[in-house]
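Structure record follows, encoded as structure tokens.
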Amino acid sequence: MKIKAFLPAVVITVAIIGLLVIFLPKMQLGSKEGALISGARALDKEGRSEEAIKELEKVIAAYPDSKKSGDALISLAALYEKQGKLSEARDSYRKAYESYPDPGIVNTAKPKAEELSMKILFSPIVDSDSKEYTVQAGDTLVKIARVFGTTVDLIRKSNNLTGDNIRQGQRLKVVTSRFSVVVDKSQNILMLKQNDNVMKTYKVATGLNNCTPVGTFKITTKLVDPVWYKTGAAVPPGSPENILGTRWMGISKEGYGIHGTTDPSSLGKQVTAGCVRMLNSEVEELYGILPEGTEVTIVD
């Protein structure tokens, strides 16, 4: 009778010991990593950023399978950004969300990586996706853009040029990597990609009842302030009834394209006649980056 009375307590005690045996080592490991990251942050506050970077690199190297290494990469990226090392910061943020797809890490690191990617793109910083080009006799921006498969707008913006005048011997940053676009109809988003990396994610509107065509296309035409031709009428640019907004990029599917809007509240919904609709300011940004021939992939 006495043994039966104590049996539940014995079972509970054994179970607790078992759980501690399983989880305690991991709890200790996690707290050790956290302590190292906290130590690195303390070093940074004391102005010892180089030492802080080395400590964070140790965490990343010693605990590659731990989520804490994702946190360490984010802290490392923040330190690089603080030092003005934007390319290194962007790469650390990318590595954080690609290697550790925890929602907390992704939601922190991905927007920062995209923000820095665009900042680098529109700056004179030369990275692995660009090169420095010395202007030759007879060069024009149009000629240089054609040679490197980029746009005059992007060369101007990344070199802080206010016009088209360039001189022999002038050094210009020229983007050499290829851009592409992926439109995800299920989320109503458009992703601008540079090689395999997502540069920026835009909210868009797509076709009513999922009517936007699926497939891989090319940008075939580009128009500034397009006229909207509809049955029996030509709606001029600037008219509140011109649903194309300020830019049009037609794709290799007749009648379809990517354009601006006069109705920003429609973004994020499936409401168009099949085209991809964006904010005017954002389609203008995209228009300046993408040359004709850019690949556009639309998926369900």
Side-chain angles (χ1 to χ4, degrees), residues 90 94 97-98 110-111 113-122 127-130 145-146 148-158 174-208 210-226 243-261 264 266-300:
R90 175 200 59 193
R94 276 181 182 164
Y97 71 79
E98 288 174 355
K110 193 166 184 289
E114 292 188 7
E115 175 193 326
L116 290 174
S117 294
M118 298 304 284
K119 196 169 182 177
I120 292 167
L121 179 67
F122 293 143
D127 62 0
S128 57
D129 295 309
S130 58
R146 190 181 301 121
F148 289 98
T150 183
T151 69
V152 170
D153 286 345
L154 186 53
I155 296 175
R156 274 201 215 104
K157 195 162 185 176
S158 58
V174 181
V175 174
T176 53
S177 59
R178 291 290 175 266
F179 294 102
S180 62
V181 164
V182 176
V183 177
D184 183 340
K185 295 196 295 181
S186 68
Q187 300 183 73
N188 283 305
I189 58 172
L190 182 153
M191 289 172 281
L192 168 65
K193 299 182 75 175
Q194 190 175 29
N195 293 333
D196 293 328
N197 295 311
V198 175
M199 293 281 289
K200 186 171 180 177
T201 305
Y202 302 87
K203 183 162 64 170
V204 300
T206 54
L208 184 67
N210 210 31
C211 69
T212 299
V214 173
T216 299
F217 311 98
K218 300 277 187 185
I219 292 177
T220 54
T221 56
K222 294 177 67 181
L223 295 171
V224 175
D225 294 329
I243 61 168
L244 300 183
T246 57
R247 296 290 186 275
W248 165 266
M249 289 181 279
I251 62 172
S252 52
K253 175 76 173 175
E254 189 174 358
Y256 295 92
I258 302 168
H259 61 78
T261 184
S266 64
L267 300 181
K269 304 172 187 174
Q270 291 193 333
V271 294
T272 75
C275 287
V276 177
R277 186 183 294 176
M278 304 178 68
L279 276 179
N280 282 337
S281 60
E282 293 184 336
V283 78
E284 288 168 14
E285 179 178 84
L286 202 61
Y287 184 99
I289 297 170
L290 303 180
E292 288 188 11
T294 299
E295 187 174 278
V296 177
T297 301
I298 303 175
V299 299
D300 279 321

Side-chain heavy atoms of [X] within contact of [Y], under 4.5 Å:
X: R247; Y: V224; value: yes
X: F179; Y: T151; value: no
X: Q270; Y: T212; value: no
X: R277; Y: H259; value: yes

For [X], enumerate each residue passing the side-chain contact (heavy atoms from CB on, under 4.5 Å) test, keeping only those at least two apart in sequence or located in another chain.
X: K200; answer: E114, M118, Y202, E285
X: T176; answer: K131, F148
X: T221; answer: W248
X: P111; answer: none

Output the distance between atom [atom1] ([X]) and atom [atom2] ([Y]), rounded to the nearest 0.5 Å.
X: I120; Y: S130; atom1: CD1; atom2: OG; answer: 9.0 Å
X: E282; Y: K203; atom1: CD; atom2: NZ; answer: 9.5 Å
X: F122; Y: S158; atom1: CZ; atom2: OG; answer: 9.0 Å
X: T246; Y: E284; atom1: OG1; atom2: CD; answer: 3.5 Å

Ignoring hydrogens and geometry, is there a side-chain-to-backbone donor-acceptor pair from [X] to [Y] under 3.5 Å?
X: T220; Y: G250; value: yes
X: N280; Y: T261; value: yes
X: S117; Y: M199; value: no

Inset, instruction - Determine, stepwise, if the pair V198 / V182 fulfils side-chain contact (heavy atoms from CB on, under 4.5 Å). - result: CA-CA 9 Å; V198 175; V182 176; over 6 Å; no

Restricting to non-hydrogen atoms, name the atom on [X] and the atom on [Y] that form the minimum distance, rounded to 0.1 Å.
X: G274; Y: P213; result: O-CD, 3.9 Å
X: A273; Y: Y256; result: O-CE2, 4.2 Å
X: P226; Y: G245; result: CD-O, 3.6 Å

For [X], side-chain hydrogen bond (donor to acceptor under 3.5 Å, both in side chains) partners two or more places apart:
X: R156; value: D153, D164
X: E115; value: none
X: S180; value: none
X: T150; value: none

Legend entry - Residue pair V276, M249: steps toward the side-chain contact (heavy atoms from CB on, under 4.5 Å) verdict: CA-CA 10 Å; V276 177; M249 289 181 279; over 6 Å; no

Inset, instruction - Using salt bridge (charged side-chain N to carboxylate O under 4.0 Å, His left out) as the criterion, list what pairs up with R90, not counting sequence neighbours. - result: D127

Compile the donor-acceptor pairs under 3.5 Å between side chains in residues 286-300 and protein atoms, sequence neighbours left out, one pair per line.
from: T294; atom 1: OG1; to: P291; atom 2: O; distance (Å): 2.6
from: D300; atom 1: OD1; to: K185; atom 2: NZ; distance (Å): 3.2
from: D300; atom 1: OD1; to: N210; atom 2: ND2; distance (Å): 3.2

Legend entry - Whether over 12 other heavy atoms sit under 6.0 Å from K253 NZ: no

Can you give each donor-acceptor pair under 3.5 Å made by side-chain atoms of residues 187-197, sequence neighbours left out, with the distance rounded to 0.1 Å?
from: Q187; atom 1: NE2; to: D184; atom 2: OD2; distance (Å): 2.9
from: N188; atom 1: OD1; to: T206; atom 2: N; distance (Å): 3.4
from: N188; atom 1: OD1; to: T206; atom 2: OG1; distance (Å): 2.5
from: N188; atom 1: ND2; to: G268; atom 2: O; distance (Å): 3.2
from: Q194; atom 1: NE2; to: S177; atom 2: OG; distance (Å): 2.8
from: N195; atom 1: ND2; to: D129; atom 2: OD1; distance (Å): 3.3

